[in-house]
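Numbers restart at 1 for each chain; the letters A, B, ... are given by sequence-line order, proteins then strands.
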There are 2 protein chains.
Amino acid sequence: MNTPQNLSLNARSHTCGQVDLAALDQEITLVGWVNRRRDHGGVIFVDLRDRDGMVQVVFDPDDLTVFGMAESLRSEFVIRVVGKVRRRPAGTENPNIVSGQIEVLGLGLSILNRSEPLPFQLDDERVAEEHRLRHRYLDLRRPEMLAKLRLRHQVTRAMREYLDNAGFIDVETPVLTRATPEGARDYLVPSRTHPGEFFALPQSPQLFKQLLMVAGLERYYQIVKCFRDEDLRADRQPEFTQLDIETSFMDEQEVMALIEDMMRHLFARTVEIALPDPLPRLTWAEAMRRFGSDKPDLRIPLELVDVADLLVDVDFKVFSGPATDPRGRVAALRVPKGNELPRSAIDEYTKYVSIFGAKGLAYIKINDAAAGREGLQSPILKFLTDEAIAGIMARTGAVTGDLVFFGADKAKIVNESLGALRVKLGHDLGIVEAGFRALWVTEFPMFEYDEKDGRYYALHHPFTAPNPEDIEQLGSNPEAVRSRAYDFVLNGYELGGGSVRIHDQDLQKRIFGLLGISAEEAEEKFGFLLDALKYGAPPMAGVAFGLDRVVMLMSGATSIREVIAFPKTQSAACPLTDAPGEVDEAQLRELSIRVRKPVVEKE
Amino acid sequence: MNTPQNLSLNARSHTCGQVDLAALDQEITLVGWVNRRRDHGGVIFVDLRDRDGMVQVVFDPDDLTVFGMAESLRSEFVIRVVGKVRRRPAGTENPNIVSGQIEVLGLGLSILNRSEPLPFQLDDERVAEEHRLRHRYLDLRRPEMLAKLRLRHQVTRAMREYLDNAGFIDVETPVLTRATPEGARDYLVPSRTHPGEFFALPQSPQLFKQLLMVAGLERYYQIVKCFRDEDLRADRQPEFTQLDIETSFMDEQEVMALIEDMMRHLFARTVEIALPDPLPRLTWAEAMRRFGSDKPDLRIPLELVDVADLLVDVDFKVFSGPATDPRGRVAALRVPKGNELPRSAIDEYTKYVSIFGAKGLAYIKINDAAAGREGLQSPILKFLTDEAIAGIMARTGAVTGDLVFFGADKAKIVNESLGALRVKLGHDLGIVEAGFRALWVTEFPMFEYDEKDGRYYALHHPFTAPNPEDIEQLGSNPEAVRSRAYDFVLNGYELGGGSVRIHDQDLQKRIFGLLGISAEEAEEKFGFLLDALKYGAPPMAGVAFGLDRVVMLMSGATSIREVIAFPKTQSAACPLTDAPGEVDEAQLRELSIRVRKPVVEKE
């Protein structure tokens, strides 16, 4: 046996996933990991694994030196095998793998490294995620994990390929930058050379990409890490990756057309799926009306319908109140074959919508649509006029066997509760279509009024341009002003969003003012942007996509942690490296900071 | 005039750099910036600029509406022009630009945005860099700056293209990670969810890429931001970009062959230059002997030669001392035609080498090589025997008109001083060859002994494998142990470096021990690496390239700041965004830190 140090270790003739009948009778060289060793009939069988697949190697006792060494092999040993390809005995073929027709008779064997028994079985589904993350380098050995990392690379390749060909320039923007004034909490980095001052890690390169447009780059993109110090959910990480794009001289129609073309290219190149051309577009108002959501999952064939006008006069405050409130909404959701739902399920859904603030969940079961009021079953039936019932039946299209749910409250509560119920019902009833349903949502409101803070917030960000048709309402009725923003939605996830930006200094100042940002504050926080807008800023529009989410959906994963090589836990920690960690007092002293509280014991 | 908001702004028919005689008599649409406006003979000439070039637009007073608007144009206004392409009048052609044969008669004009007068003239070379950085979005409008950003993109494209095709997988590693125990100062990020603990920004993804090899990825790359909180020099930035590569089952010869093939591809694809195949390789020992440097600039045709053996017995302690010291060196550097150097120049060089610790700079001028001792001129001539003189003449190959410099001291001082002098002479004498001279430097020493700290340091990093031939000297004579590291050197810059890694847990522990890292410390700091090496770590080797430096050299820039869109100053600040900056007390409180000193007033 040669020592690994002296070998030309790249000198394998085939990868394990590659060997098939074409190599019959050849002497080949393989490297890889012992996936499994079995002893059977005096012969040793080794499933040898590399990143491309698996092949069966057989050691028989004819060659005692090699066989003796093969006897020492254990799972996950790293070996190099020289052997001869032969047909597997009839009846032992494995049709599921490329190499399933052959096996390799081991003639030479080098052990490149040994392995202790693994801390967990790779394919054991019961292993806790934290334990897997602590040994992520083992968890990633699972072929399905490797496949996700590879898909992620294919996705970025396809994105780059498209954008490179479309004349976009990949430009890196700073990671050590200035604190973002709006948005989520920043990660801060103390400066050593400027004591008492801090950099912030970017939540997005928004301002830099606008400055690149002012610089005249015209088409920019970057696949870039962004950072938010937020409390984590399943699809959030402290650091996440964004496909960031900005263009000059394009309006929203042109940007959407370009970006959806890129997404079609991406899906075709990676998962071989053809997205429709063009993609459907819904205004924000229509999306809310039909799906109660600004990121509707179109795979679910259920829709909300407005019935307020039918219920204005009913003697039932729960309905008539919202029906006459300008900020109220009364909507119905028809569930085909829903009258099979047992009482317990309806109670469950009633509880579910209460999460979103709904005070109840009225319903009507349609036992016999032809029988009028008699064919219906509902606790609220007594409050409804025949006319209202007929209207509801007509408008929802309910037929015998269906059930209709109702939401009646402030529009926000109705949308959130029935929107979520719609999705839940889709999954519970197994009526979610397969595949990918993408769309654009457009014409978002420019502002959202926060009753608690008593001020407006930008629904997208403060650099989003208002719809020129609505500009005169900026002063009188800000809530009615639509922005030039657009979101790319796939299967109920917002994968990307963007807008036409404000390139006019005066308009930008006016928007800051509406958002309650004083002139001084604007100057202090955004002075460099306002400055840049003075010197010939071109019209600009852009978009940003969440790469982790894109890959998660494409790979069928349920958490973005599955498509990130080294993710953090929900408490924003890395069990593998044990980050964050304590640091030397001397380091803190150099940075002119000190820890405020006594250091908490590490869990 | 339409308002910009209502236009389909992408609807230009040509870019400015694109219009030529092929478009003669066509009506075309252009967008861009007013580079210059001249009024001449009652006509207005506008040089219209976009990112692809420039075109001349003419407005004549026949159309008073358009002409009136054209009169309001100022430099850097953003406009849209509809016009007719016509031949320039004979004698006014500009052969330097694509559009030099034509001009565009402006028929329609929209002003998309106005511009105040710029704070500096874009092409004014005297503008201070800090002022340019404060308005970087204007500085980047200079075509040569845009060209550098585009070259940078072409470089990363060519790298990705090569590596994608070679089966490398692009994997992102964390930015929020654990403090690096060896190396430069870390940037720290306080954790909110783990009070008193800190993330560090990575100085390189070294350990993560090794873990990816343990995971079985076999071939990894990433173009990734890295961070070092060091005091800055011309070619350093707090955040810099690295092409990071790691492989399994390859030895150093194979990695070097692959990487240099990638570099040939890169140079061929971007700057159309053919690098030699194969690239020259020098051992570290040879590089030091001939060039006094481990990153020799081979464009300079000057070499050091050892002359210690000729000077062992001379009655001149300055020479005989180092000549008999095992850590000493006496070397000569022949300067062709050097005897024309005036006394003042030699004094200058003497001062120059003193920066590197040299106590003097002996020399011999060769006025007449045929005349023996009489033909030479030197303050040290009297100390040298005829035999020594003859030996020096023979070994340096000095001829009439040359000058020979001498360095005699500890080898380190001789190498650093004569190595630097060699480069300086090359530039001063104008004998630096044009083009690119790349090479590999190999067989670095494993350790460097630090007299001050009384301990060994890893010359590369503690994960570098020792040369198997030297392993038995690890205990007895560590300084003699060569590592399996290699550097890629171009024109005197180390552009990249790498090594075969240690994949054996016991050897890794032993190296930690030699570096004075106790078992406990190793466990605490590198426990996760040592753990990973237990479970079937494959043989691995990799490399990392400094992207900023690569692009700097390829573009002929003199500082990496020129090839970074938004660089920081030497004090690690961003004049554009004014980062770093002060933050709210509330933010610090959330992060459980406080500023140690009273906040220093911002300069």
Participant: I need the residue from Cys574(B), Pro190(B), Ser191(B), Ala537(B) with the largest number of non-hydrogen atom pairs under 4.5 Å to chain A.
Facilitator: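 Counting heavy-atom pairs under 4.5 Å, the top option is Ala537(B).
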Participant: Can you say whether Phe208(A) sits under 4.5 Å from chain B via the side chain, the backbone, both, or neither, judging by heavy atoms?
Facilitator: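 Both parts, backbone and side chain.
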Participant: Check whether Lys225(A) reaches the backbone of Lys225(B) with its side chain - one donor and one acceptor, N or O, closer than 3.5 Å.
Facilitator: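 No, the answer is negative, given that no donor and acceptor are paired below the 3.5 Å cut-off.
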Participant: Would you mind telling me which of Val189(A), Ile593(A), Leu588(A) makes a side-chain contact (heavy atoms from CB on, under 4.5 Å) with Leu188(B)?
Facilitator: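 Single pass found, and it is Leu588(A).
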Participant: Looking at chain B, which one of Ser75(A), Pro238(A), Gly216(A) has the largest number of heavy-atom pairs inside 4.5 Å, strictly under?
Facilitator: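 Ranked by heavy-atom pairs under 4.5 Å with chain B, first place is Gly216(A).
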Participant: Provide the closest heavy-atom pair for Leu576(A) versus Phe528(B) in the form atom of the first, atom of the second, distance.
Facilitator: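 In this case the closest contact between Leu576(A) and Phe528(B) is O-CB, 3.3 Å.
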Participant: So which heavy atom on Leu211(B) is nearest to which on Tyr137(A), and how close?
Facilitator: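 Leu211(B) and Tyr137(A) have their closest heavy atoms at O-CB, 3.6 Å.
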Participant: If we count only N and O atoms by modelled type, under 3.5 Å, do the side chains of Asp531(B) and His135(A) hold a donor and an acceptor together?
Facilitator: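 Checked: Asp531(B)/His135(A) side chains show no N/O donor-acceptor pair below 3.5 Å.
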Participant: Between Phe566(B) and Thr177(A), is any pair of side-chain heavy atoms under 4.5 Å apart?
Facilitator: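 No, every pair of side-chain atoms sits at 4.5 Å or beyond.
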Participant: What's the shortest heavy-atom distance between His503(B) and Asn113(A), and which atoms?
Facilitator: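 Looks like O-ND2, 2.7 Å.
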Participant: Quick one: NE2 on His194(B) to CD on Glu582(A), what's the gap to the nearest 0.5 Å?
Facilitator: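 His194(B) NE2 to Glu582(A) CD: 12.0 Å, rounded to 0.5 Å.
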Participant: Heavy atoms, side chains only, cut-off 4.5 Å: are Pro580(B) and Phe199(A) in contact?
Facilitator: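 The answer is yes, as the side chains (C-beta and beyond) meet within the 4.5 Å cut-off.
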Participant: Looking only at heavy atoms, what is the nearest atom pair of Arg178(A) and Asp578(B), with distance?
Facilitator: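 Here Arg178(A) and Asp578(B) meet closest at NH1-O, 3.3 Å.
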Participant: Does Arg152(B) reach the side chain of Ile169(A), with side-chain heavy atoms less than 4.5 Å apart?
Facilitator: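 No, every pair of side-chain atoms sits at 4.5 Å or beyond.
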Participant: Which one of Ala532(B), Ala572(B), Pro567(B) has the most heavy-atom pairs closer than 4.5 Å to chain A?
Facilitator: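 Of Ala532(B), Ala572(B), Pro567(B), Ala532(B) has the most heavy-atom pairs under 4.5 Å with chain A.
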Participant: The test is side chain to side chain contact (heavy atoms under 4.5 Å, CB included); show your working for Gln587(B) and Arg185(A) and say whether it passes.
Facilitator: CA-CA 9 Å; Gln587(B) 272 178 286; Arg185(A) 211 182 275 115; 5.9 Å; no
Participant: Sort Glu590(B) into side chain, backbone, both or neither according to what part of it lies under 4.5 angstrom from a heavy atom of chain A.
Facilitator: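 For Glu590(B), side-chain heavy atoms alone lie under 4.5 Å from chain A.
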Participant: Is any side-chain heavy atom of Tyr535(B) less than 4.5 Å from a side-chain heavy atom of Glu116(A)?
Facilitator: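 Tyr535(B) reaches Glu116(A) side chain to side chain.
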Participant: Answer with side chain, backbone, both or neither: which region of Glu230(B) has an atom nearer than 4.5 Å to a non-hydrogen atom of chain A?
Facilitator: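 Backbone only.
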Participant: Relative to chain A, which of Leu529(B), Val171(B), Thr241(B) shows the most heavy atom pairs under 4.5 Å?
Facilitator: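 Max contact count across the listed options: Thr241(B).
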Participant: List the atom of Pro174(B), the atom of Lys568(A), and the distance in Å for their closest heavy-atom pair.
Facilitator: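 That would be CB-NZ, 3.9 Å.
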Participant: Spell out, as yes or no, whether a donor-acceptor pair under 3.5 Å connects the side chain of Trp33(B) to the backbone of Gly536(A).
Facilitator: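 Checked: pair present.
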Participant: Check whether any side-chain heavy atom of Asp164(B) sits under 4.5 Å from a side-chain heavy atom of His153(A), and report yes or no.
Facilitator: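 When only atoms from C-beta onward are counted, His153(A) and Asp164(B) do touch, with a gap below 4.5 Å.
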Participant: Inspect the contact between Glu218(A) and Arg12(B) and indicate whether a charged nitrogen and a carboxylate oxygen are less than 4.0 angstrom apart.
Facilitator: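 So Arg12(B) pairs with Glu218(A) through a salt bridge.
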Participant: Does any heavy atom of chain A fall under 4.5 Å from the side chain of Met213(B), the backbone, both, or neither of them?
Facilitator: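 Answer is backbone: N, CA, C or O of Met213(B) sit under 4.5 Å from chain A.
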Participant: Can you tell which part of Asp139(B) gets under 4.5 Å to a heavy atom of chain A, answering side chain, backbone, both or neither?
Facilitator: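 Neither part.
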Participant: With a 4.5 Å cut-off on side-chain heavy atoms, are Glu172(B) and Ile564(A) touching?
Facilitator: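 A side-chain contact is absent here, since even the closest heavy-atom pair is not under 4.5 Å.
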Participant: Considering only heavy atoms and a distance below 4.5 Å, find which of Leu217(B), Leu591(B), Leu149(B) pairs most often with chain A.
Facilitator: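 Result: the option with the highest number of such pairs is Leu217(B).
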Participant: So does Leu176(B) get a backbone contact from the side chain of Glu239(A), meaning a donor-acceptor N/O pair under 3.5 Å?
Facilitator: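 Side chain of Glu239(A) to backbone of Leu176(B): a pair is present.
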Participant: Search all heavy atoms of Val78(A) against all heavy atoms of Pro539(B) and return the closest pair with its distance.
Facilitator: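 That would be CG1-CD, 4.4 Å.
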Participant: Name the region of Asn467(A), side chain, backbone, both or neither, that has any atom closer than 4.5 Å to a heavy atom of chain B.
Facilitator: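 For Asn467(A), no heavy atom lies under 4.5 Å from chain B.
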Participant: Using a cut-off of under 4.5 Å on heavy-atom pairs, state which of Leu140(B), Thr193(B), Val214(B) scores highest against chain A.
Facilitator: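 Answer, by heavy-atom pair count under 4.5 Å with chain A: Val214(B).
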Participant: Are Arg114(B) and Lys534(A) close enough that some pair of their side-chain heavy atoms sits under 4.5 Å apart?
Facilitator: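 Answer no - side chains too far apart.
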Participant: Non-hydrogen atoms of chain B under 4.5 Å away: do they reach the side chain of Phe168(A), the backbone, both or neither?
Facilitator: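 Backbone only.
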Participant: Name the option with the most non-hydrogen atom pairs under 4.5 Å to chain B; the candidates are Arg150(A), Arg157(A), Glu161(A).
Facilitator: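 Looking at each of Arg150(A), Arg157(A), Glu161(A) in turn, Arg157(A) comes out on top.
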Participant: Select, from Gly32(A), Pro538(A), Ala565(A), the one with the greatest count of heavy-atom pairs under 4.5 Å involving chain B.
Facilitator: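 When all of Gly32(A), Pro538(A), Ala565(A) are compared, Pro538(A) has the most.
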Participant: Side chain to side chain contact (heavy atoms under 4.5 Å, CB included) between Leu112(A) and Phe249(B): does it pass, once the steps are laid out?
Facilitator: CA-CA 9 Å; Leu112(A) 306 181; Phe249(B) 306 115; 3.9 Å; yes
Participant: With a 4.5 angstrom heavy-atom cut-off, is it the side chain or the backbone of Arg141(B) that approaches chain A, or both, or neither?
Facilitator: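 Both parts, heavy atoms under 4.5 Å.
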Participant: For Asp186(A), is there an ion pair with Arg192(B) - N to carboxylate O distance below 4.0 angstrom?
Facilitator: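 Salt bridge between Arg192(B) and Asp186(A), a charged N being under 4.0 Å from a carboxylate O: no.
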Participant: What option among Arg160(B), Gln253(B), Arg142(B) has the most heavy-atom pairs under 4.5 Å with chain A?
Facilitator: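 Among Arg160(B), Gln253(B), Arg142(B), the one with the most close pairs to chain A is Arg160(B).
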Participant: Under a 4.5 Å heavy-atom cut-off, does chain A meet the side chain of Leu547(B), its backbone, both or neither?
Facilitator: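 Side chain of Leu547(B) only, per the 4.5 Å heavy-atom cut-off to chain A.
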